[in-house]
Amino acid sequence: GDGVKVSALPEFPVVSFFYEKAMLDFLGGEFNSDKLKLRIESRLRIKKWGYSVVRIEGGMLFGTLPFQFLETPTANPSLFNDETAFNLMNYLEFVSDRYCSGMWEHHFEGIFLNRIPVLKKLKWREVLLGKIYAGDLSQANKFSKYQRPANVEPLTKPYLEVGFGIENIFKFSRVDFLWRLSYRDEV
């Protein structure tokens, strides 16, 4: 018969658009700039293989600004996972005024670990993840009158992180194993 279909995954992606304007001398403003950002987030069910969480973001900043007001990727060098941040990146490691980033997590929901009898009873679940950040700094901001600290640099190639994890440990926790694939000498 016909049953009620209930899904925790949204049917359509969430699309967010952000615009910021800074105006010189307006309410004490010291800079004139525009910032555009587009973010798309989606959860995709892949039949019997689980589901993926995908986040794609891109943005541009127009204007010459000090490094504090430029785009810096969200870093999280703490021991705790932040699914929306780059977990192996240092704070203020990179700066850009044009960028795009992508984050992908696939939750297998026990497809592999359920095949091992002892682990099946624990109900652990496996996760794969990958993150990328690519950006550039315009000539105006590279050579502006505003100084950048020596360790805050524009990217010369994409930054990459990959990993896998086991979730549902004690029904609420997760352990991730992560690797930084690019800019390994800078760590």
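Treat the numbers as computed from the prediction; the structure is a model and nothing was measured.
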Verify same cluster id: [X], [Y] (apolar side-chain graph, 4.5 Å):
| X | Y | answer |
| --- | --- | --- |
| V14 | L36 | no |
| L113 | F177 | yes |
| Y99 | F62 | no |
| L155 | M60 | no |
| V162 | V175 | yes |

[X] side chain to [Y] main-chain N or O, any donor-acceptor pair under 3.5 Å?
| X | Y | value |
| --- | --- | --- |
| D82 | N76 | no |
| S182 | P158 | yes |
| E126 | I111 | yes |
| R45 | K47 | no |

Does any part of the side chain of [Y], heavy atoms only, come nearer than 4.5 Å to the side chain of [X], both counted from C-beta?
| X | Y | result |
| --- | --- | --- |
| F67 | L137 | no |
| L61 | L70 | yes |
| F17 | V15 | no |
| W124 | I169 | yes |
| H106 | I46 | yes |
| M103 | L129 | no |
| H107 | E167 | yes |
| W104 | S52 | yes |

With sequence neighbours left out, what residues match D136 under side chain to side chain donor-acceptor pair (under 3.5 Å)?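 D136 satisfies side chain to side chain donor-acceptor pair (under 3.5 Å) with R98 once adjacent residues are dropped.
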In terms of heavy-atom contacts, does [atom1] of [X] have more than 12 from other residues, nucleotides or ligands at under 6.0 Å?
| X | atom1 | answer |
| --- | --- | --- |
| K21 | NZ | yes |
| W179 | CH2 | yes |
| K171 | NZ | yes |

What class does the angle between the rings of F172 and F170 fall in, given that below 30° is parallel, 30 to 60° is tilted and above 60° is perpendicular?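 Answer is tilted, since the angle falls between 30° and 60°.
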Under a 4.0 Å threshold between the charged nitrogen and the carboxylate oxygen, would [Y] count as salt-bridged to [X]?
| X | Y | answer |
| --- | --- | --- |
| E20 | K37 | no |
| E109 | K123 | no |
| E57 | K131 | no |

Contacts of F69 that satisfy ring-ring contact (aromatic ring centres under 6.0 Å, His included) - sequence neighbours left out: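 For F69, the residues satisfying ring-ring contact (aromatic ring centres under 6.0 Å, His included) (neighbours in sequence not counted) are F31.
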Please report the closest heavy-atom contact between N141 and L65, naming both atoms and the distance.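 Residues N141 and L65, closest heavy atoms: OD1-N, 2.9 Å.
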Checking salt bridge (Lys or Arg N to Asp or Glu O under 4.0 Å) for the pair R174/E105: CA distance, chi angles, key distance, verdict? CA-CA 13 Å; R174 173 174 157 174; E105 259 188 19; 3.1 Å; yes
Verify whether one side chain among E161 and Y159 offers a donor that lies under 3.5 Å from an acceptor in the other.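 Yes, Y159 and E161 have a side-chain donor paired with an acceptor closer than 3.5 Å.
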Could you go through Y133 and F94, starting from their C-alpha distance and side-chain angles, then the distance that decides it, and tell me whether this counts as ring pair (Phe, Tyr, Trp, His ring centres under 6.0 Å)? CA-CA 10 Å; Y133 185 93; F94 302 110; 7.5 Å; no
